[in-house]
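Right, one structure below, let's go through it.
Every chain is numbered from 1 and lettered A, B, ... according to where its sequence line falls, protein lines coming before strand lines.
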2 protein chains.
Amino acid sequence: MINWEPERPIWEQVAEIIQRRIEDGTYPPRTPIPSVERLQQEFEVGRNTARHVVKHLADEGFVRPVPSLGTFVLPRADEE
Amino acid sequence: MINWEPERPIWEQVAEIIQRRIEDGTYPPRTPIPSVERLQQEFEVGRNTARHVVKHLADEGFVRPVPSLGTFVLPRADEE
DNA sequence: CTATATTTGTGCGTATGTATG
DNA sequence: ACATACATACGCACAAATATA
């Protein structure tokens, strides 16, 4: 079981964890973050919640989902 | 057309049918159950629903999916 | 040896229904 | 009324391994 903060949406808390992993290099640029299904399993959330996380990270410009392939970490501007 | 009971999920009803066939020997141990595509066709369900059925049966220990080969009926302990 | 078909695995996209706060 | 969360159910495409023609 995961102790989510009750004050904020779970998707937001998951998104922050993934974002942190992107920033600390756990998920390097041009590599895929865990799939929606993996996120579901690791964080014990539903599919829509996991997808919301990915969509948020994509909207924020951290990742780009590629159909049939995965969701890839975008390189920073100075790493382009 | 198939008359599914509206009260329960379709995947559950399909899984029960397959499980019954395993138990009555229609699908003997070490032989494959119908592929996902065959399940789709026979029960007129979508791929994800058919896969859900297989995953459920695998989680319950009735079958083991083998990539590229099929999903095989596991032998019971006393038949091992 | 090559080409095709089969089968599971893995991705994303979409919609609906239900429940909760 | 709305946002959040989950379950169900449909769709598509491609990858990888295997079997077969």
Do NZ/NE/NH1/NH2 and the carboxylate oxygens of A:R8 and A:E16 come within less than 4.0 Å? yes
Ion pair A:R20/A:D24, N-O distance below 4.0 Å: no
Interatomic distance, B:R38 CZ vs C:dA5 P [rounded to whole Å]: 14 Å
So what does B:V54 hit on the nucleic acid, given a heavy-atom distance under 4.0 Å: a base, only sugar-phosphate, or nothing? nothing
Please report the interatomic distance CD1(A:I18) to OG1(A:T71), rounded to the nearest 0.5 Å. 10.5 Å
Separation of C:dG9 P from B:R47 CZ (nearest whole Å): 9 Å
Comparing B:Q40 and B:H52 on DNA chain D - which has the more 5′ nearest nucleotide: B:H52
Pick base, sugar-phosphate or nothing for B:R64, based on heavy-atom distances below 4.0 Å to the nucleic acid. nothing
Among the nucleotides D:dC10, C:dG13, D:dC6, whichever has the atom closest to the side chain of B:V45 is D:dC10
d(CD, B:E7; C1', C:dG17) in whole Å: 13 Å
Complementary nucleotide of C:dT6, counting Watson-Crick and G-U pairs under 3.5 Å: D:dA17
Kindly check if the number of other-residue, nucleotide or ligand heavy atoms within 6.0 Å of CD (B:E42) is above 12? yes
Specify the separation, in whole Å, of atom CG of A:N48 and atom P of D:dC6. 9 Å
Would you mind reading off the distance between B:W4 atom CH2 and D:dA9 atom P, rounded to a whole angstrom? 10 Å
Any side-chain N or O of B:S35 less than 4.0 Å from the OP1 or OP2 oxygen of C:dT7? yes
Roughly, in whole Å, what's the span from CD1 in A:I2 to P in D:dA5? 13 Å
Pick the closest DNA chain D nucleotide for A:L69 and for B:A50 by heavy atoms, then say which residue is nearer the 5' end. B:A50
Rounding to an integer number of Å, can you tell me how far B:E44 CD sits from D:dA9 P? 15 Å
Indicate the atoms forming the closest heavy-atom contact of B:I33 with B:Y27, along with that distance. CG2-CD1, 4.0 Å
Between D:dA9, D:dA17, C:dC12, which one does the side chain of B:S68 approach most closely? D:dA17
Ignoring the backbone of B:V36, work out which of C:dT8, C:dC12, D:dA5 is nearest its side chain. C:dT8
Within this structure, what is the CG-to-P distance between B:L39 and C:dG9, rounded to whole angstrom? 13 Å
At under 4.0 Å between heavy atoms, what does A:P65 touch on the DNA or RNA strands: base, sugar-phosphate, or nothing? nothing
D:dA9 phosphate, OP1 or OP2: any side-chain N/O from B:T49 under 4.0 angstrom? no
Which listed nucleotide (C:dT14, C:dG9, D:dA5) is nearest to the side chain of B:P67? C:dG9
